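The structure appears below as structure tokens.
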Amino acid sequence: MISRIDLRGGALPEGSALRDLLPRAEFDVEAALEKVRPICEDVHHRGTEALIEYAEKFDGVKLSRVRVPAVALADALAGLDPAVRAALEESARRARLVHREQRRAPHTTQVVPGGTVREKWVPVGRVGLYAPGGRSVYPSSVIMNVVPAQEAGVASIALASPPQADFGGLPHPTILAACALLGVDEVYAVGGAQAVAMFAYGTTGPDGCAPADMVTGPGNIWVAAAKRYFTGRIGIDTEAGPTEIAVLADSTADPVHVAADLISQAEHDPLAAAVLVTDSAGLADAVEKELEPQVAATKHVEDRVAPALAGKQSAIVLVDSVEDGLRVVDAYGAEHLEIQTADAAAVADRVRNAGAIFVGPYAPVSLGDYCAGSNHVLPTGGCACHSSGLSVQSFLRGIHIVDYSRDALAEVAHHVVTLAEAEDLPAHGAAVKARFAEGELDKHSDGKVPSA
């Protein structure tokens, strides 16, 4: 059901050599890029007409319009199961608590008397958010994208989700209800790469969508490829690949918990990765044994869970110690990393590379998916070694404001001129000297640095 990789009995390799030994899903965004390119350019040239044609081709629905009417949003919220509504409200409440604390305040540094650099934080003007609608429906992803954008102060928020044949060409009603719950009233029944193109280029007409400055949200490989295609034209969060869970566990871990958590991520997609890293052969055996009845009892076995666990992206990795296990999980850089060891909090503090870390037996990844308050839009494919999950900061830009007096500029002018000449850019130095009379800067060229 799941393979083993035995890294015991010797020194672990360094860097990429260690990463190459670890399981990973094949996710060729570059190959997909060539397939989405004509779709994106078709949307550029034909706008809403192209979106309607792709809805029929890819989603099997014939649309007359792509923007969701306000009445459909209101009806979806009114018809939402009260228990689901309560859960979404609590998820949003907790997410707001966490993301509100991420707001950045302006800060001014006095570099020298009369010379300051202030940094202010400005939200992007408009974002396009994507909510998947393939094998599963993710109203939780609506919350995870909308809440940080709202808390950052983004003024214009639009959301796209694929049209559904079962719901008259509208996105899933739970997606629409989540939008209405959060006050998002600009929603489009558009999926895949064409949704990213719509946000990147904008469309005109009665259903016109204004261009966005940034696109965020998880999606399939076509969405990831479209994000890559438009990088530079628009901002993106990440090229999300198949979901991942890694569990670093020792003999104190409960195999029932570990097996359940591996399965919980495997049910997303046949390419989902489920990785256990442990120094306990006994735990490895117990987890393997526990997987069988739990898999048999769950849903989506044949199309998702079984192929995900059996795939090359999933494995039980045996190591000599928790110390070696830390090296392995840092090399892997999991989207979700659970620590189920003795003194789990201390071990978690030593992890350097992970999208999100879940500490101990009562913080499963499922909690983070919905109601921990953390964000579940996280880097995949090892990108956690250089990228963060979605947050308020994702929607903010830091701008430096430089304010120097005449005396403060004069004090440092000779250094500016020296560096400009060292880089063979004499006009840079001349732009400083033009502000002063001949010989006026000589008295400031003694190299002394004034105190702030």
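We count residues from 1, following the sequence as given. Small disclaimer: the values here were computed from a predicted structure and weren't measured.
- Taking 4.5 Å as the limit, some side-chain heavy atom of Leu7 sits within range of a side-chain heavy atom of Leu12.
- Salt-bridge annotation for Glu90 and Arg94: present, with a side-chain N of the basic residue lying under 4.0 Å from a carboxylate O of the acidic one.
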What verdict does the side-chain contact (heavy atoms from CB on, under 4.5 Å) test give for Leu262 and Val275, after you've listed the backbone C-alpha separation in whole Å, the side-chain angles of each residue and the deciding distance to 0.1 Å?
CA-CA 7 Å; Leu262 296 177; Val275 177; 5.9 Å; no
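- No side-chain heavy atom of Arg96 sits under 4.5 Å from any side-chain heavy atom of Arg93.
- With hydrogens and angles disregarded, a donor-acceptor distance shorter than 3.5 Å links the side chain of Ser91 to the backbone of Tyr370.
- Looking at Glu440 and Arg406, a side-chain N of the basic residue comes within less than 4.0 Å of a carboxylate O on the acidic one, giving a salt bridge.
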Given side-chain hydrogen bond (donor to acceptor under 3.5 Å, both in side chains), test Ser405 with Asp407 step by step and report yes or no.
CA-CA 5 Å; Ser405 68; Asp407 287 346; 5.5 Å; no
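- Glu338 places none of its side-chain heavy atoms less than 4.5 Å from the side chain of His257.
- The aromatic rings of Tyr201 and His44 sit parallel, their planes meeting at an angle under 30°, below the 60° perpendicular limit.
- Figure legend: Arg24 and Tyr332 shown as a cation-pi pair, the cationic atom lying under 6.0 angstrom from the six-membered ring centre and within 45 degrees of its axis.
- The pair Glu119-Arg104 does not meet the salt-bridge criterion, since no charged nitrogen lies less than 4.0 angstrom from a carboxylate oxygen.
- Atoms CZ and CD, on Phe58 and Glu53 in that order, are 11.0 Å from each other to the nearest 0.5 Å.
- The line from CD1 of Ile52 to CZ of Arg46 is 10.0 Å long, rounded to the nearest 0.5 Å.
- With hydrogens and angles disregarded, no donor-acceptor distance shorter than 3.5 Å links the side chain of Gln313 to the backbone of Pro23.
- Between the side chain of Gln110 and the main chain of Gly115, no donor-acceptor pair closer than 3.5 Å is present.
- In this structure, Asp59 and Tyr54 have side chains that are not in contact, with every pair of non-hydrogen atoms separated by 4.5 Å or more.
- Looking at heavy atoms from C-beta onward, Val347 lies in side-chain contact with Leu326 at the 4.5 angstrom threshold.
- Side chain of Tyr130 to main chain of Gly192: a donor-acceptor pair is present (N/O by atom type, distance under 3.5 Å, no hydrogens or angles).
- Between Lys227 and Asp237, at least one side-chain N (NZ, or NE/NH1/NH2) sits under 4.0 Å from a carboxylate O, which counts as a salt bridge.
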Stepwise side-chain contact (heavy atoms from CB on, under 4.5 Å) test for Ile316 and Ile2:
CA-CA 7 Å; Ile316 295 174; Ile2 189 168; 4.0 Å; yes
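- Side-chain contact check for Thr216 versus Ile236: every heavy-atom pair is 4.5 Å or farther apart.
- Between Glu186 and Arg126, at least one side-chain N (NZ, or NE/NH1/NH2) sits under 4.0 Å from a carboxylate O, which counts as a salt bridge.
- By the 4.0 Å N-to-carboxylate-O rule, Asp207 lies close enough to Arg65 to be salt-bridged with it.
- Of all heavy-atom pairs between Val196 and Ala226, the closest is CB-CB, 3.7 Å.
- Under the side chain to side chain donor-acceptor pair (under 3.5 Å) test applied with Thr243, the options His268, Glu335, His376 reduce to a single match, Glu335.
- Distance alone, capped at 3.5 Å, places no donor-acceptor pair between the Thr109 side chain and the Val111 backbone.
- Using a distance-only test at 3.5 Å, with no hydrogens or angles considered, no donor-acceptor pair links the side chain of Asp269 to the main chain of Pro242.
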List the steps and the verdict of side-chain hydrogen bond (donor to acceptor under 3.5 Å, both in side chains) for Glu41 and Tyr229.
CA-CA 10 Å; Glu41 290 311 304; Tyr229 182 70; 2.6 Å; yes
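- One distance of note links CG of Leu271 with CD1 of Ile221; it measures 8.5 Å at 0.5 Å rounding.
- Proximity of Val68 to Leu170: side-chain heavy atoms (C-beta onward) are separated by under 4.5 Å at one or more points.
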Could you please spell out the steps behind the side-chain hydrogen bond (donor to acceptor under 3.5 Å, both in side chains) verdict for Gln340 and Asp261?
CA-CA 11 Å; Gln340 298 196 35; Asp261 294 350; 3.3 Å; yes
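- A salt bridge between Arg304 and Glu267 is absent, with no side-chain N of the basic residue lying under 4.0 Å from a carboxylate O of the acidic one.
- A distance-only check finds no donor-acceptor pair linking the side chain of Thr203 to the backbone of Gly47 [under 3.5 Å].
- Proximity of a side-chain donor or acceptor of Ser394 to a complementary backbone N or O of Leu390 within less than 3.5 Å is not detected.
- Using cut-offs of 30° and 60° on the angle between ring planes, the pair Phe199 and Tyr188 is perpendicular.
- Between Arg327 and Glu14 a salt bridge is recorded (basic side-chain N to carboxylate O distance below 4.0 Å).
- A donor-acceptor distance shorter than 3.5 angstrom exists from the side chain of Ser280 to the backbone of Leu283, with no hydrogens or angles considered.
- In this structure, CD in Gln150 is found 11.0 Å from CG in Asn145, a value given to the nearest 0.5 Å.
- The closest side-chain heavy-atom distance from Arg397 to Trp121 is not below 4.5 Å.
- Note that CZ of Arg350 and CG of Asp330 are 9.5 Å apart. Values are rounded to the nearest 0.5 Å.
- A distance of 8.0 Å separates OG of Ser140 from CD1 of Ile175, quoted to the nearest 0.5 Å.
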Verdict with supporting geometry, Val122 and Leu396, side-chain contact (heavy atoms from CB on, under 4.5 Å)
CA-CA 5 Å; Val122 181; Leu396 295 174; over 6 Å; no
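- Between the side chain of Arg103 and the backbone N or O of Glu151, at least one donor-acceptor pair lies under 3.5 Å.
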